[in-house]
Amino acid sequence: MKVILLRFGELFLKGKNRKLFEKKLIENIKTKLSDEEFVFHATSGRYIISGYKPETEEGIVQKLQTVFGLHSLCLANGVDAQEEIIRQEVIKVELKNKSFKVEVKRADKTFPIRSMDYAAKLGGLLLDLNPQASVNLYHPDVTIYVDIRENKKAYIYYNFVRCQGGLPLGTAGKALLLLSGGIDSPVAGYLMSKRGLELEALHFHSYPYTSELAKEKVIALGNKISQYCGKIKLHVISFTRVQEEIHMHCAEEYMITIMRRIMMRIAERLCEKNGLGAIVTGESLGQVASQTMQSMTVTGGVVKKTPVFRPCIAMDKEEIMEIANKIDTYETSILPYEDCCTVFLPKYPVIKPTIEKAEREEARLDIDELVDFALSTEEIIEIG
Ligand code: ATP
Ligand code: MG
């Protein structure tokens with residue numbers, strides 16, 4: 001019988017919380033596989049998925065590979081724990097010229113041969129059948145596990161598939177992702193969800209300066225990351241009036257600084273209203289003028305009670321792009337629709353803004369009224 005053995009990662013470190021983490025992880029696995037036919041067992045610190053049709057295995061594996069908190073999985077064959085049957089199974093492994101070792105675990109002590117002796121015996125058998133292969137007990141290319149369980153079943157496996165790692169979604173609370181149409185913010189959302197955060201998202205558009213397609217693109221990006229991050233409530237807010245007012249009244253070099261300060265104020269208001277515990281952005285140090293240390297001090301400075309998480313802060317663009325490719329957002333992110341940040345873009349944005357100057361520029365605006373007005377344009381789209 002084919003089965004999938006699941007291994008979880010850091011969950012082991014969670015002490016008393018472990019039960020809670022496990023419960024959430026199991027719930028997330030079952031939700032993810034809700035369209036599949038399968039049986040789930042949790043036995044002595046191990047999860048086993050069985051009872052699925054062989055042709056659905058690939059799809060199930062792909063889905064499990066998007067579940068945070070799973071470290072890896074292996075495709076195993078479950079057989080009756082009898083020497084001859086196990087032998088038949090083990091000799092199927094094709095080793096060619098690889099190095100290998102056999103590792104036997106014997107939870108069922110009534111099994112007649114001791115683990116070490118049995119591993120040596122099976123290893124010898126494999127060597128006879130694969131004369132090009134060699135034994136390497138320390139750094140083998142392939143490790144063949146024979147796991148003899150108390151229920152008189154033996155699981156034989158050697159195929160490990162890496163999963164996401166991280167912590168189960170929903171064990172760290174909920175945060176607000178500032179989601180633009182760019183490359184960085186979907187990656188930022190994915191990375192924070194990997195640490196267990198559920199997400200809502202906030203997108204600013206500048207219709208009619210930005211097109212309806214730009215919004216569609218953000219929804220498409222939300223859909224892509226929801227494969228990993230779960231359902232996302234997307235708040236879409238019009239930034240047009242804010243931008244027009246800034247454009248009319250404030251110094252051009254401070255436009256982006258002030259725009260971003262207003263974005264952050266709106267984000268914090270949404271967090272308060274919706275019980276969200278943090279703001280997540282895709283900022284990366286030094287990437288553009290608005291992402292210098294001084295710029296982030298001035299823009300982050302308006303956020304009073306909410307932490308701002310910037311998981312891409314230390315990453316090169318190339319590293320961010322690598323993750324974007326892995327989670328399949330890259331091709332969508334590079335579609336050429338205008339983002340609201342590119343509308344009215346000043347030629348020479350300030351690189352080292354100060355809070356004093358930003359406040360002087362903002363004194364020409366009715367900030368509270370602009371924030372309230374922007375919030376009144378909110379449209380909510382459920383994604384995933
Ligand atoms: P990205 O690739 O994520 O768009 P970027 O390198 O283009 O980032 P900026 O445009 O300066 O950088 O934006 C920095 C961060 O501010 C973004 O990562 C995102 O979190 C947020 N942001 C920018 N524009 C918007 C928008 N229109 N709606 C919501 N959030 C935005
Ligand atoms: Mg952008």
Side-chain angles (χ1 to χ4, degrees), residues 175-193 199-207 209-211 213-222 224-225 232 234-240 242-243 255-271 278-293 295-296 298-300 302-303 306 308-313 315-325 327 329-346 349-351 353 374-375 377-379 381:
L176 182 66
L177 168 66
L178 265 66
L179 184 60
S180 68
I183 296 168
D184 308 331
S185 47
V187 170
Y190 159 82
L191 287 173
M192 289 321 304
S193 267
L199 299 177
E200 293 193 12
L202 166 58
H203 176 68
F204 295 100
H205 69 85
S206 306
Y207 190 77
Y209 301 105
T210 58
S211 69
L213 285 173
K215 191 168 100 185
E216 296 296 323
K217 172 179 167 182
V218 169
I219 295 171
L221 286 172
K224 295 267 185 197
I225 61 170
I232 298 172
L234 171 67
H235 306 259
V236 181
I237 284 185
S238 168
F239 213 51
T240 313
V242 173
Q243 287 186 297
M255 266 207 73
I256 294 188
T257 311
I258 293 171
M259 260 172 56
R260 299 195 58 79
R261 278 164 65 90
I262 296 180
M263 279 186 180
M264 288 307 229
R265 288 181 176 104
I266 295 170
E268 190 169 36
R269 283 276 294 277
L270 274 186
C271 285
I279 296 170
V280 179
T281 79
E283 287 159 306
S284 164
L285 188 64
Q287 198 188 80
V288 286
S290 60
Q291 295 175 24
T292 62
M293 195 161 58
S295 287
M296 280 186 272
V298 176
T299 54
V302 296
V303 180
T306 316
V308 179
F309 294 157
R310 300 176 172 96
C312 301
I313 196 73
M315 295 168 73
D316 293 349
K317 194 77 188 183
E318 207 178 306
E319 293 168 312
I320 300 172
M321 279 157 54
E322 211 170 285
I323 299 176
N325 269 316
I327 62 173
T329 52
Y330 183 75
E331 295 298 327
T332 308
S333 288
I334 59 172
L335 293 174
Y337 307 125
E338 296 259 287
D339 180 51
C340 79
C341 288
T342 54
V343 180
F344 307 117
L345 204 66
V350 56
I351 289 171
L375 282 164
T377 67
E378 180 186 20
E379 177 196 353
I381 299 169

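Whatever order the structure lists ligands and atoms in, that order sets their numbers, starting from 1. Note that the structure is a prediction, hence the values are computed from the model and not measured. Side chains included, hydrogens not; waters and symmetry mates left out as well; all remaining heavy atoms used.
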- Note on the structure: Logged contact type for Ser290 with ligand 1, heavy-atom cut-off 4.0 Å, is side chain
- Of the non-hydrogen atoms in Asn325 and Tyr330, which two are nearest, and what is the gap between them? OD1-CB, 3.5 Å
- Query: Any side-chain heavy atom of Lys317 within less than 4.5 Å of one from Ile183?
  - Reply: yes
- Proximal ligand 1 atoms for Leu202, defined as those under 4.0 Å from one of its heavy atoms: 29 (C)
- Rounded to the nearest 0.5 Å, what's the gap from CE on Met192 to CG on Leu177? Could you check? 10.5 Å
- Note on the structure: The option among Leu176, Leu178, Leu177 carrying the non-hydrogen atom nearest to atom 21 (C) of ligand 1 is Leu178
- Item | Per-atom contacts, ligand 1 versus Thr281 - under 4.0 Å to a heavy atom | 20 (O)
- Task: Examine distances only and state if a side-chain atom of Ser185 and a backbone atom of Gly282 form a donor-acceptor pair shorter than 3.5 Å.
- Result: no
- Query: For ligand 1, which atoms have a heavy atom of Gly182 less than 4.0 angstrom away?
  - Reply: 1 (P), 2 (O), 4 (O)
- Query: Is Phe204 in polar range of ligand 1, meaning some N or O pair under 3.5 Å apart?
  - Reply: yes
- Report, in ascending order of atom number, the atoms of ligand 1 lying under 4.0 Å from any heavy atom of His203. 27 (N), 28 (N), 29 (C)
- So is Gln291 in contact with ligand 1, going by heavy-atom distances below 4.0 Å? yes
- Any heavy atom of His205 under 4.0 Å from ligand 1? The part involved is neither
- Would you sort out whether Leu285 and Arg310 count as a side chain to side chain contact (heavy atoms under 4.5 Å, CB included), showing the intermediate values? CA-CA 10 Å; Leu285 188 64; Arg310 300 176 172 96; over 6 Å; no
- Item | Heavy atoms of other groups near Glu216 CD, more than 12 under 6.0 Å | yes
- Output for pair (His203 NE2, Leu221 CG), nearest 0.5 Å, gives 9.5 Å
- Apply side chain to side chain contact (heavy atoms under 4.5 Å, CB included) to the pair Thr210 and Lys215, showing each step before the final yes or no. CA-CA 8 Å; Thr210 58; Lys215 191 168 100 185; over 6 Å; no
- Query: Would you say ligand 1 has an N or O under 3.5 Å from any N or O of Gly282?
  - Reply: yes
- Quick one: which of Leu221, Leu179, Val280, Asp184 has a heavy atom closest to atom 8 (O) of ligand 1? Asp184
